[in-house]
Amino acid sequence: MTLRTKISSGLGVSVLALAVSAVALPTIAQAQDAAAGNQDDAIVVTGFRGSLDSSAAQKKASSSIVEVIAPEDLGKLPDLSIAESLSRLPGLATQRLDGRANVVSIRGLAPDFTTTLLNGREQVSAGNNRGVELDQYPTELLNGAVVYKTPDAKLIGQALGGTVDMKTVRPLAYGKRQVVVGLRGELNDLNKLNPDVSNKGYRANVFYVDQNDDETIGWAIGYARMQSPTQEERWNAWGYPDLNASTKVIGGAKPYVKSNELKRDGLMGVLEFKSDDAFHTTFDGYWSKFKDDQRLRGIELPLQWSGAQLQPGYSSSDGLVTAGTYKGVEAVMRNDVVHRDAEIWAIGNNTQFQANDTLTFDLDLSYSKLKKTEENLEIYLGTGRGGGVGATDTLGFTMPASGGVISFKPTINYADPALFTITDPQGWNSCGGAVPNCQDGFVNRPTIKDRLQSIRLQAVQALDGGLIDSITVGANYSDRRKQLIDEGFVLTNKNYPASPAVPSSYLFQPTSLDFIGIPGMVSFDSWKYYNDGNYKLTSEALWTPGRLTNSYVVREKVLTGFVQASINSGGLKGNVGVQVVHTNQQADGFAATNPGTGTISKPITDGAKYTDFLPSLNLSYEVAPQTLVRFGAARMLARARMDQLNPGVGYSFNAANNVAGASITRSPWSGTVGNAKLRPLMADTVDMAVEKYFGRGAYVSVGGFYKHLENWIYRQDSTFDFTGTPTPGNVTPTFNQGLVSQWQNGKSGKVYGFEGSLSLPFSTFSTALDGFGFLASASYTDSKVTEGGAKPISMPGLSRWVVNGTVFYEKNGFQARASGRYRSKFLAEVSGLSLARDRVMAAQEFVVDAQVGYTFQSGSLEGLGVLLQVSNLTNERFLTYYNDDVRQVRDYQNYGRNFMLGVTYKF
């Protein structure tokens, strides 16, 4: 057991011990509440403690099992994005991208099984599937979030894991004029790893909310700007092939230093009008522009998977070569550039009309769209054109005993621009056979477009007396269109077949790769060199069918009718209802192959219509003062991933089998196929929880859940009809059926777990401890899902243990707090080429953030706050690995710490 495991396990035990001990607190809390009486209700608590009070109150009042993020103050959630805030909630875990929280898993279910809403409306996503990249939503523009772990019939966008509903401010409910201005500087302590990207940045925001004198019109507008630096030392391995029957060895490596400059602009506006008690309408809009510029410089080192030879005298341990020397290493030097640009628009209108004292109508309209473009530019240098041509290295390597970054001992000078020139060092491409060794670089250009519009109408009829206090009937219609265009181009230098040196006007000082033992490499302004017209671009789609079969358009038209009864009788509260969901899904793609003469293809369209019934029940019973027992049961769905609905067919036609008497077992056809007819993942779920509230912002909660997955989507062999699919030379097929690997709804499974959380302001015990407090949560999740075999698979995004803890002090304007979040190992989904997904195991991690600040309470500086924050305080790495062996590292990413110092002013 590692030290980190001991610490993390100890934290989990401590959390559970505190939760159990808190059961004894009601007597103390009730005595304090009785002594405080109504006077306590008049105390106004703001800041972090105020957010705890609000979160606890919303959690208690909800008829569903929820977790709540309430803002400390207007525009004052401290995190870089809402993803960071969500990562500290019980049962939630985030996966980091470039050091920042990016997507969220709820109860062990991956981001594609989570729905994200903004003011109750489903949002488009910047990925090629459904999971929303939450780092595009700045906390300065949001007024909190609610995470629904159990659904109700009125909740549109319910999902297997849970539903995140982000909120913006409502000016009339806010009830006062407020202006907030903030500015922070940011610094990464890894310094400037690449010469053309700074390690410094800033955040700035302004927020204004107001109402007219009659409080019939309210308005709010907020703007947030972030320019955040990321520096990263990254070790990446190709993989670990077998050296012999009992020993594996590294096949190749791609270490590099990476520098990001993330620019994000966000704008939020709300206009609210309430003429009287009968009419209330709200218009809100959100815009975000996200620009991520990266520079990556490193050296790709082909080892076992190349012509290099491992020399005798190597060392091995437990089936893995840990040290040795490769002779004949022909390196590929990389000066890469990545540009990611995404723009989101989301607008909506909600109108409520009260027809009489008991009947209310609600109309909601929304529209959101996104466009994301990427340009992943690879620029190569080498010692000769084609494999086995140039100068080679005799390269020693040493692997740390516990895994991590391999250190090298080179024998050639990688910083020599006369030795490393612009070329195709390994002969990775021949441009479809026409131009040998033509790949002097490559550029991937995937584009995503996502559009979602919806209309919702509901009526609420209040009832007098009895178990049911209201009935809600309504319908929601949504129309979504998502498109992925996958493009890639081979770059051939205009001086081909020569291998020119980098012109001196583009050269930088050598970039250090000391973290892997290489003192320097040739570094130049590859982006400028590329834009100056020094390369010819050739579309890879001319000979690679995957560029077409990866591209798709998916359209979903969903009509949801619902009816829900609200229960409120004595200590019993809750709801019972049902959704009827009719789906019309259709997708466009391509069937494509390359018979050796270039890509041939045809467009294809497929789809399905189906109806699902989703009943739900939520009950909450106050068994004792401030003690609630909750029960939830529901049938839930999660739609198939967009890339699974892609009907694209990558196929082969074997002319040798195209004979009379061909059959399904000896067919000329074979391939890999998507499936636009896929049905959603369905699950029957049960939840139970016990919650005890005592004093302001204080509660303890324990609970468990069980989800029976009716089906699971995975690739299976099936029969496919290739009628009408083009053949090489337009040969007439003798048989049109073939066996293919296709996404199908398959076997069932289960996901289950337990959760505990504690919110404990220490003033609960003594007024002498006023201002101090502690938050903690722990969750355990497990699953059993199979994909045709007997051995259960690892569910994407599932960490068995997720533990969070925060200690804080806040009083008289001073605040200090530290937060730690731990998640055990999990199957991560990381981006491959052209947004394709690679699944690889990620090691456990424990991330610590801290902040300290002071806000002036009186005098001429009243409202001015100063804040110092540190993210990733312990410099926790992100590590993924192969073959269930943490020594066989795929990626080792060292991000460093980010320090932020700034001021806010509220008036």
Side-chain angles (χ1 to χ4, degrees), residues 5 8-9 12 16 65 90-93 95 103-114 129-131 149-151 158-162 612 614 631-641 644 678-689 702-717 741 743-756 778-803 822-829 837-844 880-886:
T5 303
S8 302
S9 299
L16 296 177
I65 298 176
L92 278 71
Q95 182 175 321
V103 292
V104 65
S105 298
I106 302 178
R107 290 180 159 179
L109 291 165
D112 284 324
F113 305 130
T114 297
N129 282 284
R130 301 184 187 275
K149 293 180 174 177
T150 61
Q158 56 178 265
L160 290 189
D612 296 297
L614 306 177
F631 174 80
R635 183 166 175 80
M636 306 168 69
L637 67 77
R639 302 187 186 282
R641 287 179 4 200
Q644 294 171 340
L678 281 173
R679 297 298 181 91
L681 289 159
M682 305 296 298
D684 296 316
T685 70
V686 177
D687 285 77
M688 289 198 70
V702 293
F705 65 92
Y706 180 90
K707 299 177 184 289
H708 176 262
L709 304 181
E710 187 177 283
N711 55 66
W712 181 251
I713 296 173
Y714 60 97
R715 285 201 173 275
Q716 304 171 49
D717 289 339
S741 173
W743 294 110
Q744 296 280 355
N745 294 101
K747 291 187 175 182
S748 63
K750 60 183 177 181
V751 180
Y752 55 92
F754 307 93
E755 298 171 346
S779 63
Y780 174 83
T781 308
D782 207 345
S783 66
K784 187 176 182 181
V785 175
T786 59
E787 293 187 349
K791 186 178 180 180
I793 65 167
S794 296
M795 292 275 285
L798 189 151
S799 290
R800 288 192 175 183
W801 284 102
V802 177
V803 182
Y822 166 82
R823 69 179 303 185
S824 60
K825 68 177 184 178
F826 66 100
L827 187 64
E829 295 184 314
R837 293 191 173 197
D838 292 334
R839 289 182 175 177
V840 62
M841 192 61 66
Q844 61 181 7
T880 59
Y881 55 95
Y882 293 108
N883 303 318
D884 205 28
D885 182 354
V886 74

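Along the sequence shown, residues are numbered consecutively beginning with 1.
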> In Å and rounded to the nearest 0.5 Å, what is the OG1 to CZ distance from T781 to F826?
Replying inline: 13.5 Å
>> Please determine whether a side-chain nitrogen of the Lys or Arg among R715 and E787 lies less than 4.0 Å from a carboxylate oxygen of the Asp or Glu.
In response: no
>> If I take atom OG1 from residue T114 and atom CD from residue Q158, how far apart are they, to the nearest 0.5 angstrom?
In response: 13.0 Å
>> I want to check something: taking the side chain as every heavy atom from C-beta on, are E755 and V702 in contact at a cut-off of under 4.5 Å?
In response: no
> Just by distance, do the side chain of N745 and the backbone of I713 share a donor-acceptor pair under 3.5 Å?
Replying inline: no
> Does atom OH of Y752 have more than 12 heavy-atom neighbours, drawn from other residues, nucleotides or ligands, at distances under 6.0 Å?
Replying inline: yes
> Got a salt bridge between D112 and R130, using NZ or NE/NH1/NH2 to carboxylate O under 4.0 Å?
Replying inline: no
> Are a donor atom and an acceptor atom from the side chains of Y714 and Q744 found within less than 3.5 Å of each other?
Replying inline: no
> Out of L637, L160, V751, I106, which residue meets the side chain to side chain contact (heavy atoms under 4.5 Å, CB included) rule with F113?
Replying inline: L160
> Out of R800, M795, K750, which one pairs with D782 under the side chain to side chain contact (heavy atoms under 4.5 Å, CB included) rule?
Replying inline: R800
>> Salt bridge check, D684 against K707: does any charged N sit closer than 4.0 Å to a carboxylate O?
In response: no
> Charged N to carboxylate O under 4.0 angstrom, R639 versus D612?
Replying inline: no
> With T685, which of H708, R107, M636 fulfils side chain to side chain contact (heavy atoms under 4.5 Å, CB included)?
Replying inline: M636
> Do side-chain atoms of T880 reach the backbone of V840 as a donor and acceptor pair under 3.5 angstrom?
Replying inline: no
>> How long is the straight-line distance from NZ of K747 back to CH2 of W712, given to the nearest 0.5 Å?
In response: 14.5 Å
